[in-house]
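The next block holds one structure in the form of structure tokens; read it before the comments.
Letters A, B, ... are given to chains in the order of the sequence lines, protein chains preceding strands, and every chain is numbered from 1. Excluded from the calculations below are hydrogen atoms, water molecules and symmetry mates; all remaining heavy atoms, backbone and side chain alike, are included.
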Number of protein chains: 2
Amino acid sequence: MPPTAAAGYELDPKLPIGAQVYGLLKRMIIGLVFKPNEALSEKELALRLGVSRTPVREALIRLAEETLVDVFPQRGTIVSPIRVAEVMEAQFLREALEAAVTRRAAEQPSAALIRDLSRLIDDQHHAANAGRPEDYMPLDEAFHRTISEGTGMPRSWRLIQGVKGQMDRVRFLSLPNKAHLLLLTEQHAEIFKAIETQDPDRAEAAMRHHLKEVLKTIHELAAEMPAIFA
Amino acid sequence: MPPTAAAGYELDPKLPIGAQVYGLLKRMIIGLVFKPNEALSEKELALRLGVSRTPVREALIRLAEETLVDVFPQRGTIVSPIRVAEVMEAQFLREALEAAVTRRAAEQPSAALIRDLSRLIDDQHHAANAGRPEDYMPLDEAFHRTISEGTGMPRSWRLIQGVKGQMDRVRFLSLPNKAHLLLLTEQHAEIFKAIETQDPDRAEAAMRHHLKEVLKTIHELAAEMPAIFA
DNA sequence: AGTGAGATACTACCATGGCATAAGGCTGCG
DNA sequence: CGCAGCCTTATGCCATGGTAGTATCTCACT
């Protein structure tokens with residue numbers, strides 16, 4: 001999880017500042033530290049992060065491309081509201097991409113891919129039983145990233161990540177419980193088995209089914225908390 | 001050397017400079033005005049375009065995300081070489097996205113979509129018979145964009161555009177002749193008919209077949225002119 | 001002649017300052 | 001009392017200067 005809004009932004013001056021600011025702001029937006037419709041000022045962010053406005057601006061431009069912020073020229077920048085239509089489109093695009101990649105993975109899985117996925121599922125099983133979502137989420141992310149990158153498609157993961165932000169923000173609204181984490185792990189295992197046994201149809205179907213889990217919560221949440229939706 | 005670059009590439013000071021520089025550089029890279037592996041200096045580009053280095057830098061960052069340029073921190077920026085593996089991945093991702101969108105379009109096509117596509121195909125037929133590729137390319141682009149945006153998925157077009165650059169650069173190497181333009185139009189018409197008659201399977205298949213046309217030329221070209229490939 | 005170390009010249013990177021523009025409040029008039 | 005127009009204030013946008021880092025070139029030394 002990101003540091004809180006109040007304290008502890010530790011930026012490493014040795015690494016490119018712009019990229020760090022981007023990652024930090026993105027995590028804070030997804031983690032709802034910055035709420036939808038909240039104003040984000042270049043000047044104020046730069047002040048609070050202890051950097052100049054240039055890298056902040058670069059980060060905001062990148063976030064705007066992912067529609068996590070809305071930039072109004074000469075007026076201001078706000079955290080974008082959660083627009084149901086956009087979340088649905090993101091879901092659709094992610095499913096299209098990840099289903100295709102998973103199918104490809106199942107066609108010719110490398111030994112390294114099998115090994116990495118297997119290990120990740122073990123770790124997920126432990127984290128799920130511990131019941132701590134904050135430990136689980138990075139493992140979930142790693143699972144999906146590994147399928148893309150382990151199949152020789154690094155760019156597909158970057159595209160998926162770009163659309164995923166909208167969905168993650170919704171997901172963050174509902175803290176999954178232990179049972180839910182175990183269910184997710186079970187679905188991951190199913191995807192893995194299909195890849196391992198080189199069954200593309202089954203792998204694609206399992207991935208599509210898995211991704212639809214997120215969708216289920218959206219409509220419930222939209223009804224519960226309409227304030228932060230567009 | 002004049003303060004502005006080659007004629008026809010001038011910038012409107014009233015519009016956001018950064019976005020204009022991005023579009024201009026992208027067109028020049030795809031159009032091979034800037035050759036693969038050619039060095040691009042922030043300072044020199046700014047000088048030639050008559051703007052400051054800041055918007056040039058912003059444009060280069062965006063182009064780097066599309067892997068049209070490679071930025072080496074503190075060293076320099078070059079036009080990325082045409083990497084066959086990247087072109088193949090771009091092709092794969094584009095097909096996954098556009099096949100899904102086309103299927104969706106065929107499920108519930110709006111009247112406006114039918115009308116717009118129909119008109120575009122007429123225009124393409126005329127441009128193809130005239131045999132001028134430079135007139136045809138914008139129409140081709142519009143056809144694909146219209147399917148995405150006319151189906152309520154504006155973001156899908158942005159993703160497609162992001163990966164398309166790599167492929168367009170390859171396509172630019174082989175000037176299509178009149179027969180080829182007519183073939184493309186025929187394929188567009190087939191996609192259109194499938195959408196119009198609400199036949200998702202046929203629409204998706206037609207789009208996949210259409211997109212594979214580009215692939216055919218890649219390997220031939222890679223053999224012909226290995227110099228500009230990675 | 002070959003090699004290594006240092007100076008140099010280049011790069012992208014970040015900081016800062018001035019600018020134009022648009023929203024919102026205030027004032028004066030109807 | 002209501003509305004229109006000005007003005008203040010804040011914003012993002014662009015220009016420019018300084019900094020740190022890297023490759024190359026030079027020259028001394030082996």
Report all interatomic pairs (protein N or O, nucleotide N or O of nucleotides 5-9 of chain D) with separations under 3.5 Å.
none

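- Between B:Glu44 atom CD and C:dA9 atom P there is a gap of 19 Å when expressed in whole angstrom units.
- Toward the 5′ end of DNA chain D lies the nearest nucleotide of A:Phe72, the other residue of the pair A:Phe72 and A:Lys14 mapping further downstream.
- Distance check, rounded to the nearest 0.5 Å: CD of B:Glu98 to CG of B:Leu159 gives 11.5 Å.
- Rounding to whole angstrom units, CD1 of residue B:Ile61 and P of D:dC14 are separated by 14 Å.
- Checking B:Ser156 against B:Ser148 by side-chain atom types alone, a donor-acceptor pair falls below 3.5 Å.
- Here A:Lys43 does not reach the OP1 or OP2 of C:dT16: none of its side-chain N or O atoms lies under 4.0 Å away.
- Between C:dT11 and B:Ser41, a contact under 4.0 Å exists linking OP1 or OP2 to a side-chain N or O.
- Under a cut-off of 6.0 angstrom, the local environment of CD in A:Glu141 is crowded, with over 12 non-hydrogen atoms contributed by other residues, nucleotides or ligands.
- Within 4.0 Å (heavy atoms only), B:Leu40 reaches sugar-phosphate atoms of the nucleic acid but no base atom.
- Between C:dA15 and A:Ser52, a contact under 4.0 Å exists linking OP1 or OP2 to a side-chain N or O.
- Between the CG atom of A:Leu15 and the C1' atom of C:dA12 there is a distance of 15 Å, given to the nearest Å.
- The environment of CD in A:Gln108 is sparse: at most 12 heavy-atom neighbours from other residues, nucleotides or ligands sit within 6.0 Å.
- Atom CD in B:Glu58 sits about 15 Å away from atom P in C:dA12, given to the nearest Å.
- Taking a cutoff of 4.0 Å between a charged side-chain nitrogen and a carboxylate oxygen, B:Arg171 and B:Asp168 qualify as a salt bridge.
- Residues B:Arg57 and A:Glu58 are in side-chain contact: their nearest non-hydrogen atoms beyond the backbone lie under 4.5 Å apart.
- What separates CD of B:Glu42 from P of D:dA15 is a distance of 13 Å, to the nearest Å.
- Side chain of B:Ile17, nearest nucleotide from C:dC14, D:dG12, D:dC14: D:dC14.
- One interatomic measurement links the two molecules: CD of B:Gln74 to C1' of D:dG18, which rounds to 13 Å at whole-angstrom precision.
- Rounding to whole angstrom units, CG of residue A:Leu63 and P of D:dG12 are separated by 13 Å.
- With the nearest nucleotide of DNA chain D identified for both B:Arg53 and A:Arg75, A:Arg75 has the one nearer the 5' end.
- No side-chain heavy atom of B:Gln161 sits under 4.5 Å from any side-chain heavy atom of B:His144.
- Between the CZ atom of B:Arg62 and the CG atom of B:Leu68 there is a distance of 11.5 Å, given to the nearest 0.5 Å.
- Rounded to a whole Å, the CD1 atom of A:Ile78 is 15 Å from the C1' atom of C:dA23.
- Here the nucleotide nearest the side chain of B:Val71, chosen from C:dA15, C:dC13, D:dC14, is C:dC13.
- Counting atom types as modelled, B:Thr54 pairs a side-chain N or O with a base atom of D:dT16 as donor and acceptor under 3.5 Å.
- Among the nucleotides D:dC13, C:dC14, C:dA15, the one closest to any side-chain atom of A:Val51 is C:dA15.
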